[in-house]
Structure formats: C-alpha cells, structure tokens
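The structure under discussion appears below in the form of structure tokens.
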Amino acid sequence: MDKTYTPQNIESNWYKTWEEKNYFAPSGQGDSYCIMIPPPNVTGSLHMGHAFQQTIMDALTRYHRMTGHNTLWQPGTDHAGIATQMVVERLLAQDNVTRHDLGRDKFIEKVWEWKEQSGGTITSQQRRLGTSVDWSRERFTMDDGLSEAVKEVFVRLYEEDLIYRGKRLVNWDPKLHTAISDLEVENKDESGFLWHFRYPLADGVQTADGKDYIVVATTRPETMLGDTAVAVHPEDERYTHLVGKFVDLPLVGRRIPIVADEYVDKDFGTGCVKITPAHDFNDYEVGKRHQTALINVFDRDAKILKQAEAFNFEGQPIDGIDCTIPEGYGELDRYDARKKIVADFEALGLLEEIKDHSLVVPRGDRSGVVIEPWLTDQWYVSAKTLAEPAIKAVEDGDIEFVPKQWENTYYSWMRDIQDWCISRQLWWGHQIPAWYDNDGNVYVGRSEEEVRSKHNLADDIKLRQDEDVLDTWFSSALWTFSTLGWPHDEEALKTFHSTDVLVTGFDIIFFWVARMIMMTLHFIKNEDGTPQVPFKKVYVTGLIRDEQGQKMSKSKGNVLDPIDLIDGIELDDLVQKRTSGMMQPQLKQKIEKATRKAFPEGFAESGTDALRFTLTSLASLGRDIKFDVKRLEGYRNFCNKIWNAARYVQMNTEDENGNALDCGQNGGDVELSVADRWIISRLQSVEADVQKYYEQYRFDLMSQTLYEFIWNEYCDWYLELSKPVFWNENSTEAQLRGTRRTLVRVLETTLRLIHPIMPFISEEIWQSIKGLAGVEGDSIMLQAFPVADESKIDQQAEQDIEWLKGVIVGVRNIRGEMNIAPSKALDLLFRNGSEDDKQRLANNENFLKALAKLESITWLNDGDEAPMSATQLVGQMEVLVPMAGLIDKDAEIARLNKELEKLQKDIQRISGKLNNENFVSKAPEAVVAKEKAKLDEMSAASAKLNEQMEAIKSM
RNA sequence: AGUCCCGUAGCUCAGUUGGUUAGAGCGCUACCUUGACAUGGUAGAGGUCACCAGUUCGAAUCUGGUCGGGACUACCA
C-alpha cells in the first residue's frame, strides 16, 4: 500500500471491475429489495442534490445487497419536456435557428442528439460517484417500452372517463406557447396598482347616492375588453337595487349585466368587481354561475385580438355577442394595451383613481413570464377519483414518509387536488394518442390502426394525430412500473414491485411522488386485486444549499459540480465554469467575485469516498444542508486515517517481504488481550447501531458512529494498545497471534461496515488484507454485512479499558498542564487502590507503561508517606506523579484549584438536589441512588484533592 | 391567511421516549516530526441551549406565548 491515500489511483479501476463483472445486477437470491432512481433530467449534468440522493440510494442498495437481498437499483433518465426543449432551442438560437425553421421532425432529431450527449454526461458522472445501479436495465422515459406504458395508461384512463378533453381556462405561458399545470406556476408577490374605473350605468339608472356610474377596481385593466358582467355582493345594500340592471362597457360599448354573487367581498375596493370569465379563474366561476358568455381578447402571445371571440361554457363559439375590439387595440401587447386603456379611461373622465397595491403575480417556472389564464382545448386527468386511494394508502401506513411531517404536506395538497392539465403545446415528449377526423371527432387509441378498426373508420377518412405532447410528469408518474416492463412483461414487476423506498426531495412531492402513488395504485394490482403501492417508504431529503444557505442554481452561479469536489479544481477553472453559458451575463462579475471570496484556493482533490461520507454525515432528517467544504476536508483526512491504519495493520501482520505472519488462521493457540476483547466488544455495539440507523434512515448518526469508532477507538486506542504487545519481547506466540488476528479481523469487519458509504477505499484496502483476515472472495461488495454477536460483548474488558484510559489520560493531563516533555519517562505512584485496581494494574502494566510513557510504577501502602506529587484520581485511587525536578509547586496548586472548583460546583448542585424533599420522594429510586453515588464520589475526590493541596502547601 | 420546519461553542451541525459533567467536525491556544498517519499526536480554552411564562422533584428536550430565520400551499378584483 502507498504511503498516502490518493483516491484517483483506486477509484477508476474498481468501478470498471464491478461493472464488468456484473456485480450490480440483482443476485436472483433472497428477498427482493428495489429502489427506483428518480430519473435525472437530460437537461445537463448532475448537481450536488443528485450526488446526495444517489449516495443515500447507493448506501441502501449496497447494504441490502450485502445483507443477502435480491437487490435492484433501477437507473434511468427523464426526457424533461419543456426543460430539454428549451435547452436545445437555446443552442439553436446561437446559430440564429428556431425550431420552426427546422420543422418538428428535424427538431426532434436534434433533441435526441442532445439527449445522447447529456445522458452520457449524466451516466459517466454517476459512475464516478460509484452508484451500483444495474446498467443493463437503464431506461429513458421516451424509450419504446415506456412510451407503450404511457399510451396504455392514457387510453385506459380515457376509457374510464378519467381523462377528458375540454375547452377551459388554463395557465397559458405566452412565451413558450404552451399550457402548464398549476404546479408549474410560481406565485410571486409583486407591487402594482389598483385602478378604479367608472362604468356608466345604462338606461338612466343611478346609484343610491345619485351617481350615473359605478366604480370597479382592477389590477388588470386590459382584460376589461372581455368583461361580461359586473358583480356585487348580494347583501351589499349600496348596490342591491342595481342587480339586474346594466352598464355600458366603456370603449367597447357592450351592454353587460350587474349580477349578485357571494364571491364579491363587500369591504374590498368599491365592492364592485368587473367579471372577465375568459381571463381570470375566479371570474370564470362567477360567469359560469350567471351564464354570461366567455369573451376571449388575447392571442397566444397575450396580444389583443383584432376581433374578440365569444364562447359558452361548453366551449362552443356563440354568435350574437358584441365582440368589438376598439380601434387601435388589435395586436397590442397586453402591457401596452393596459397603458392605452388607462389613458383612454382618463381621457373619457372615467378614471377615478389609482392606488398602489401589492398583488400576487403568476409566473411560469420555466419562462419566468406572467402566466395568462387563457381559453384553450386541453386534456385533463380527473384527479379527485385517483387521489382518494392515494390518500388512504398513506393514512393506512402502506406508504410512510420519512420524516413523517411531510405527510401533512401531502394530505393538504391531495385533499384539495384540482384536475391535472396534461397536454403541452410542445414538440418534445409523448405525442397524445388521440386522432381527429375532419368533422372534429376525437378517437383515442394505442395507434391509428387500432382507432380505425375500433371505430370502423374507412381508409379514406383522414385522421390526424393530436399535435400536443403530454406533461413530462405523466410518464414519470408511471416510473416504478413502466421501468419494470409493464404492460407487456410482468416478470420483473412481480419480483420487484412494490419497490422499497423512494429517495427524493420535497420539491417534487406534488409533481412526482403524489402522482406516482395515484397512477400506481390505479394500475398495478396484486393477484387478489388489491392495489399495489409504488413504494413503501418515501425518504424525503433536504436540499443542498451553498455555503451561505442559498439555493444552488446556475443563474446564481453558486452550483457545485460533485466531480469538481472529487477531483479538485483550480479557482480560475471554477470561476470559468460558473460564469460561462450564462443566461444573464450581467451577473458575471458578481459571481466571479463571490466565488473567489468563498473558495480562494479552489478545491483540493477529495475523492468520491470522502464526498459520499460528507453527504451522509450531513443527512439529518427534515433539514436542509448548508454545504461546508471544511467538512469535506475533514472527511478526506478521515479517509487518509483509515488508509494509514490499514498500513499499520499490514505492517504488523506481514513480514518485510510481504509474507503473511501467523494471524491465527491455521490453528495454534490464540490468546486475546484485554484490549483485543475490548475492541471486539465495541465492534459489536457499532454493528448493532449501524443496522439500527439503516432502519431509521439516520445516515448522519451512522457516519458519526463509524467515524468515532474508527478514529477514536480503533486508531487512537486499539492500535496504540497493540504496539506494546508487538514490541514486547516477552509476548508469547499465542498473544501475538491474538492481537494480529484481532487487529486484522476488526479492520476487515469495519471495512464491510463502511463499504456502502465508502465503496472504493473499503474495496481497495479489503483486497490487500482479506487474506490476512482469512477471508476469501472477489469483492467486498459481495461479502456479508457484519452482524452484531452479543456473546462477544465483554463488559469486563470494557470496564478494564475504561480504567486504563482513566489512568493514562490522568497522567497525560498532568504532563500537558505541567509542560512535562513527552519524551520524559515518569515514575508513577499509586495509592489507596482497591483489590480491583491492583488486579487491573497487574493485568495491564505493560499497556500502561507504554501508553503513559512510564519508567516505573510503585504501589504505596495506605500509611506510606508520598513525596510531593501531582495528583489525579481514578475512582478512589490516587495516581501520583512525583514533582521533584519536574513540577512547579504553584502550578500544581493552581491545577488542583481548578479541579476543586469544578468539583465544588457539581457537589453544590447535586447536594441541592438531594436536599430537596420532593426530589428524593418523587424521583425514581434509581435516579436518586445515582445522584447519591455521584455525590459520594465527588465528596471523596474533593477531600482527597484538598488533602493533597494542604500537603503541597505545607512542604 | 393556513400548515410545517428551524434558532445549541466563532462557524456547520448532533443531542431518539424529560434525569449527561450538553457533544462532534472545522477554527482557536500550547506542546510534540515517538518506528500507520503533520491529511498527524497530546493537552486545553470556548455554551445563561433565542426570549418569557407554565407543567414537573427535575426542561436543550413537553405546553403556551414573544422575537428572529426559512419552506410550502392558497389568495380579494
């Protein structure tokens, strides 16, 4: 083994080997365990969030593989409709080409080219991360098989009346020219105005206070061109006499009714609301209740039409409605139209006032432009029917969220779920399996042939397929079963479905998790017909944020590429990476400055294992993660520590020529020291804890447990305790064998414990020590995961080592505080020890002398005078370091004072407790007894130290 | 507006059913190149657990409130 740990040398080869040998495929034996990867979008490359989630999935996968499960981690990618189409359009735009220049087929070809490239980037990144997915099963949401599943689901839902088509208001993105679902709309608080307009009353009617107009307030003046009514509250006395009367809509001249509707808030604005059913979701409902028309005034760009269009609520065009668009408004952008409307109202003397107003503005999550409620034909999924069993599955505990609090979020959305608009006016995606004839009839089916034969359509009837595609999330909703071969090949489905756990972020609980639950419960059934859940657990991870706690995003220029942390990157390259290909180049300087400030050194190479360990150690439940590069450095050092510990083990279990020494594998007496028994005992507890933490998804606690065991117990103490055995000329062969065997076996076991988190370093070291540990096998991946053996828990050994540590730390404390050179060997005196103490010393003298660097150890009898000494207490026993020539009297007095003060404080606190009548009578006996024992011990200690103090002072 | 999360050492965070001397990593101080490791070792400094009130013999932990930070959902034109 090399002297220093260099991750690059070991990581590249092992992954290739594992993959070539097909270790990632399910073993075909044991109970099944399955995780579906949340398919990354093929829009670019993996970010820290992916690295985080995939580390957790890989740890779970490797763990279950090692516990003997038939384990499948299913990989794949998502076509990410809008997002990917936008990426490719932006690329084309660099050459001044639009998708329309290319035409649909050519454009889609380009997107496939991009998909190949981006998909390749993603999978190679995944390999670098060490993900043990079964690549032979890799899927893409637009594969033939998955497209089959999409069609099948669409057709069946249509046949069950759970998918329908209708002309309704949708969230229209006027930039991307597509409908989007409610979830893709981001509502943002922005400041704007509330314009108060006067609408003249028709037929000479007057208001209660004698005006010939009423005042409506609006934040969207331009939509008044499509007004079909004015609404007031039914109990608003100011206006009751006007209900049923009319106003003449200014500019347009249309006569529209005044209606009474509960929707109106009497106390807001003027209490009169203009109703524009074709351009506002609430107005749509009001209009529907009062059977007004729908008057659309916008085109697909949200520009004013030359001639408005009127529809009824069945979506049919209607005649006889005045659809005038006033002169000069046609083709005006919505915001220009707004200005003009306001100006025109003002000119007409109909502008009452303008108030500042904060309002909520809906923006498209991809385009960022203001979304327009717009009347179009779209396809919908009736969500309520599907939602019911999906709610129940969580209520009944068939699906559990970890942490549990996310179930609230899930319920609150599901119980108020709206129909899901699934059609998108894009080119990249699954084209909707619906065909139209020239009479406007719709036929839904798996193919044109199926449609023709099913509906007996003659060959000469022309059919054209719906040009729209489905929402990306429609296909991802089928992910757990479409990837396993549904609807045609159900073998894998039978084996691996329901899957075990979904690891994902809370940001897609609605987009994805909820919809997967709905679709899967509806389509996948057990043999007895009961529905199958897609997964039994949902592990919801936090978000990885930057060092400031900001969300990482390309536009903010604060993203970290996990590969850069693994390989390291120069500052200049990092800056270059963060500032290239930006959508907002004006931010370049700011990003550069922030980056140079945050990471003045760039990143050193840390290796995959260190990154993975960092991510798991940060994986607390229900909390976002501020990614701290310092933490990564610490765990890189941890890898180095493991590496060097392994080197020590190897050096002491092989001779200079690399031949194995006798580690007790081939018979011969084996004698275990107390240290050997102690570390074996401690290992059992660690094994039990690790298993528990897997069950609880507490990767943070697991990492901490492993870190502490390896560093603070195995390295800091056990390795040191092994040295006296190896270096003592009097050690017997049996003793040497015992310690060698323990040394290497504990290491070998520990490597298996860390393997799911740190696959590379564990494999590399394991390969070079497996023989020494008497283990055979091709890869640590295929070894069994360690299981705690309670019979190896050795209380006696643990207590003995605690005692030993107490003495050693006591001596070291005196050395440290008194500035005694580490090289100076000390003469140690013990006084007032019990039989146990004496026994322990007898058993451990060798260890004690070596680790505390002692020249001699002498027991004083009870009455014996001690020379002036610095004192430490281990229980009742006094450990004395003679001061002569070493220790300054005042320094020792000061040190004792410090100790005594601490003791005094504790004694006060505890005796206060014990003097409290209530505590003694009401607290459990065990607690009282414990406090009493503590007090006794501290009092005795205090007395001893005081005595010692007096002795020193009087000398 | 509703729901939820968070506030613990200079920084990033653990602390599982109330009973610990409140922990870790990084950073800091002093000493040490001893034959696994200076990406290291040893010793140490550092906390009124945001604040207030309550429940309790006992609260970082439970309850209510206040302040501060954040997330999600909904929304009055």
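Just so we're on the same page: letters track the sequence lines, and every chain starts at 1. These numbers come from a predicted model, not from an experiment. All heavy atoms count here, side chains included; hydrogens, waters and symmetry mates do not.
Nucleic acid contact for A/Y707: sugar-phosphate only, since backbone atoms but no base atoms lie under 4.0 Å from a heavy atom of the residue. Note on A/G271: a base of the nucleic acid sits closer than 4.0 angstrom, heavy atoms only. Residue contacts shown for A/H357 are limited to sugar-phosphate atoms, with no base heavy atom under 4.0 Å away. Counting any heavy atom pair closer than 4.0 Å across all strands shown, A/R631 reaches a base atom. Using a 4.0 Å heavy-atom distance criterion, A/W727 is classed as a base contact. Residue A/K626 is classed as a sugar-phosphate contact, given heavy-atom separations below 4.0 Å to backbone atoms only.
Pairing partner, B/U63: B/A53, with both Watson-Crick or wobble hydrogen-bond distances short of 3.5 Å. When both pairing distances are held under 3.5 Å, B/U33 makes no Watson-Crick or G-U pair with any nucleotide shown. As the counterpart of B/U73, B/A1 is assigned, both hydrogen-bonding distances of the Watson-Crick or G-U wobble pattern falling under 3.5 Å. Base-pair partner of B/C26: B/G10 (Watson-Crick or G-U wobble, both distances under 3.5 Å).
Atom P of B/G7 sits at a distance of 10 Å from the matching atom of B/G15, rounded to the whole Å. Taking atom C1' on both B/C28 and B/G46, the two are 9 Å apart, rounded to the nearest angstrom. If you take atom C1' in B/A59 and the same atom in B/G18, they sit 6 Å apart, rounded to whole Å. Atom name C1', nucleotides B/A60 and B/C49: the rounded distance is 5 Å, in whole Å. A distance of about 12 Å separates the C1' atoms of B/A1 and B/C76, rounded to the whole Å. Nucleotides B/A53 and B/A14 have their C1' atoms positioned 29 Å apart, rounded to a whole Å.
When the nearest nucleotides of RNA chain B are assigned to A/D906 and A/S620 by heavy-atom distance, the more 5′-ward of the two goes with A/S620. With RNA chain B read from its 5' end, the first of the two nearest nucleotides for A/R698 and A/N282 is the one closest to A/R698.
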- Task: Apply side-chain hydrogen bond (donor to acceptor under 3.5 Å, both in side chains) to the pair A/S722 and A/Y648, showing each step before the final yes or no.
- Result: CA-CA 10 Å; A/S722 74; A/Y648 171 84; 2.7 Å; yes
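Heavy-atom minimum distance, A/A675 versus A/F847: CB-CZ, 4.0 Å.
In this structure, NZ in A/K932 is found 13.0 Å from CD1 in A/I910, a value given to the nearest 0.5 Å.
For A/E720 and B/A36, a side-chain-to-base donor-acceptor distance below 3.5 Å is present, hydrogens and geometry of angles not being considered.
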